[in-house]
J.: 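Provided herewith is a single structure, encoded as C-alpha cells, for subsequent inquiry.
Below, chain A is the first sequence line, B the second, and so on; all start at residue 1.
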2 protein chains.
Amino acid sequence: MKVYYCNLEVTMEVIGGKWKGLVLYYLMKGPKRTSELKQLVHGITQKMLIQTLRELEADGLVSRKMFNQVPPRVEYSTTELGQSLEPVLRALCQWGDGYADKTFAEGEFQILNNEF
Amino acid sequence: MKVYYCNLEVTMEVIGGKWKGLVLYYLMKGPKRTSELKQLVHGITQKMLIQTLRELEADGLVSRKMFNQVPPRVEYSTTELGQSLEPVLRALCQWGDGYADKTFAEGEFQILNNEF
DNA sequence: CAGCATCCAGTCGGATACTG
DNA sequence: CAGTATCCGACTGGATGCTG
C-alpha cells in the first residue's frame, strides 16, 4: 500500500519533475501534435517529451489520439482531470511572476512566456 | 543571463524537488526547531533537511535564527515571501486530495496528513 | 542539538542513432 | 512524423560517522 504523508506529495508526484508542468501548460490551451509540443516546450528532447507524455497519460491527465495516416499523426490533449489542474498551474505561474519581479535583478533574467 | 521560458519554471525551481514543499508546508504553520522539522517531515534525513533549508534560505523563503546556547538552538521560520506561497501550496494540496479520491482504489493508498 | 563530510546507489535526463 | 533503443554523465538523495 502506498502511503503519503501529505497531499502535497500526491500532486508533486503528478506534476513534479522537469517537464510535466510545462507540457500540461501547453496542452491545456488545446490539443497538440507531437511535433508542435516539441517546438513549444523549449529545450525538451524527443525522449523526454515522449516519456513525459506517457507518464501524464498513465496518470490520467492526458489522452492520446492516433490517426491512421502516413505519415503518422498523433494528437495529445488534456483529459477533464488534467484540465482540472488549470487553476493550480495558473497559481504556480502567477507566483513565479511575482517572485521573479521581487527577487531577480534587472537584466539578470528573462522570462519569455508570461501569459497563461 | 538566466532564461526561463515560462514562469512555471521559476516556481518549480523554488518549490520543486522532493522536500522543499513539505518543509515549507510545516514552517508556514509557525517557526520550528531543526529537530521538530525532522520529526514532522516524515522520512527526511538530516542531510536533506539541512540542504533543503539552506536552499530555501538562499531563495529568501525561510529565515534562520540562532540562539547562543548550549546545547545549540536554531529556529526556522518563513519570511514574508515564503508565506506568500501559502495559497499556492494550499492549491496543490487540495488538488492532490481530489485526485487521490478520484484515482486511487480503496485500500491501496493512505494519506496521513490531510488538513492544511 | 545542530550541522558537516564522505561515500555510494539509483535515477534523471541529454545525445545519438535507428525503425516503420 | 512519431517513436524506440542505447549509452552515459550528472545529479539526487540515503547511510553513516564525526565535530563543537
Side-chain angles (χ1 to χ4, degrees), chain A residues 2-6 8-9 11-27 30-59 62-78, chain B residues 2-6 8-9 12-27 30-59 62-77:
Chain A
K2 183 106 189 172
V3 177
Y4 298 93
Y5 291 91
C6 176
L8 213 42
E9 300 175 59
T11 310
M12 290 313 262
E13 217 170 78
V14 169
I15 63 164
K18 191 167 179 182
W19 302 109
K20 283 177 169 185
L22 282 174
V23 169
L24 273 171
Y25 170 93
Y26 288 109
L27 281 182
K32 299 274 179 298
R33 298 188 57 172
T34 314
S35 47
E36 290 181 280
L37 281 174
K38 217 182 307 176
Q39 291 178 355
L40 287 169
V41 183
H42 195 98
I44 198 170
T45 58
Q46 176 115 0
K47 173 189 169 184
M48 290 316 294
L49 177 59
I50 301 297
Q51 184 175 311
T52 301
L53 286 166
R54 293 288 172 277
E55 288 170 11
L56 293 174
E57 216 188 329
D59 287 336
V62 159
S63 69
R64 180 173 182 276
K65 188 171 176 183
M66 236 189 81
F67 301 82
N68 276 346
Q69 298 181 359
V70 178
R73 174 190 177 85
V74 177
E75 244 181 40
Y76 294 93
S77 49
T78 50
Chain B
K2 184 105 188 172
V3 177
Y4 299 92
Y5 291 92
C6 176
L8 212 45
E9 300 174 61
M12 290 313 263
E13 216 171 78
V14 170
I15 63 165
K18 192 168 179 182
W19 302 109
K20 284 178 168 183
L22 282 173
V23 169
L24 273 172
Y25 171 93
Y26 288 110
L27 281 182
K32 300 273 178 298
R33 299 189 55 174
T34 314
S35 48
E36 290 180 280
L37 281 173
K38 216 183 308 178
Q39 291 177 355
L40 286 170
V41 184
H42 195 98
I44 198 170
T45 59
Q46 175 116 4
K47 174 188 169 183
M48 290 315 294
L49 177 59
I50 301 297
Q51 185 175 310
T52 302
L53 286 166
R54 292 288 171 278
E55 288 169 9
L56 293 173
E57 216 187 330
D59 287 336
V62 159
S63 70
R64 180 173 183 275
K65 187 171 176 184
M66 237 189 81
F67 301 82
N68 275 347
Q69 299 181 0
V70 177
R73 172 189 178 88
V74 176
E75 243 182 40
Y76 293 94
S77 49

J.: Between Arg33(B) and dG3(C), is there a contact of a side-chain N or O with OP1 or OP2 at under 4.0 Å?
T.: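 Negative; the distance criterion is not met.
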J.: Each nucleotide N or O in nucleotides 18-20 of chain D that has a protein N or O under 3.5 Å away: list the pair and distance.
T.:
none

J.: Give, for atom CG of Leu27(A) and atom CG of Leu37(A), the distance between the pair rounded to the nearest 0.5 Å.
T.: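 Reported value, rounded in 0.5 Å steps: 5.0 Å.
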J.: Roughly how far apart are Lys18(B) NZ and Met12(A) CE, rounded to 0.5 Å?
T.: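 CE of Met12(A) is found 13.0 Å from NZ of Lys18(B).
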J.: Give me the atom names and distance for the closest heavy-atom approach of Leu8(A) to Leu22(B).
T.: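 In terms of heavy atoms, the two residues are closest at CD2-N, 3.9 Å.
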J.: Verify the contact: side-chain N or O of Lys47(A) to OP1 or OP2 of dT16(C), cut-off strictly under 4.0 Å; return yes or no.
T.: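 Answer no for this pair, as no side-chain N or O of Lys47(A) is under 4.0 Å from OP1 or OP2.
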J.: Would you indicate, yes or no, if dG3(C) has its OP1 or OP2 atom less than 4.0 angstrom from a side-chain nitrogen or oxygen of Arg54(B)?
T.: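 Result: yes.
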J.: Distance check needed: dC1(C) P versus Leu53(B) CG, whole Å only.
T.: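 Spelled out: CG on Leu53(B) to P on dC1(C) is 17 Å.
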J.: Among residues 34-42 of chain A, which residues get a heavy atom nearer than 4.0 Å to DNA chain C?
T.: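 Under 4.0 Å from DNA chain C: no residue of residues 34-42 of chain A.
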J.: Contact class for Tyr76(A) (heavy atom, under 4.0 Å): base, sugar-phosphate, or nothing?
T.: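 Sugar-phosphate contact only.
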J.: Over all heavy atoms of both residues, which pair between Pro31(B) and Glu75(B) is shortest? Give the atoms and the distance, please.
T.: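 Scanning both residues completely, I find the closest heavy atoms to be CB-OE1, 3.7 Å.
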J.: Within this structure, what is the CG-to-P distance between Leu49(B) and dA2(C), rounded to whole angstrom?
T.: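 Rounded to whole Å, this separation is 10 Å.
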J.: Across the strands shown, which category fits Gln46(B) at heavy-atom distances under 4.0 angstrom: base, sugar-phosphate, nothing?
T.: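 Base, at least one base heavy atom under 4.0 Å.
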J.: Please determine, for the side chain of Ile50(A), which listed nucleotide (dT4(D), dG13(C), dC4(C)) has the closest atom?
T.: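 When the side chain of Ile50(A) is considered, dT4(D) is the closest of dT4(D), dG13(C), dC4(C).
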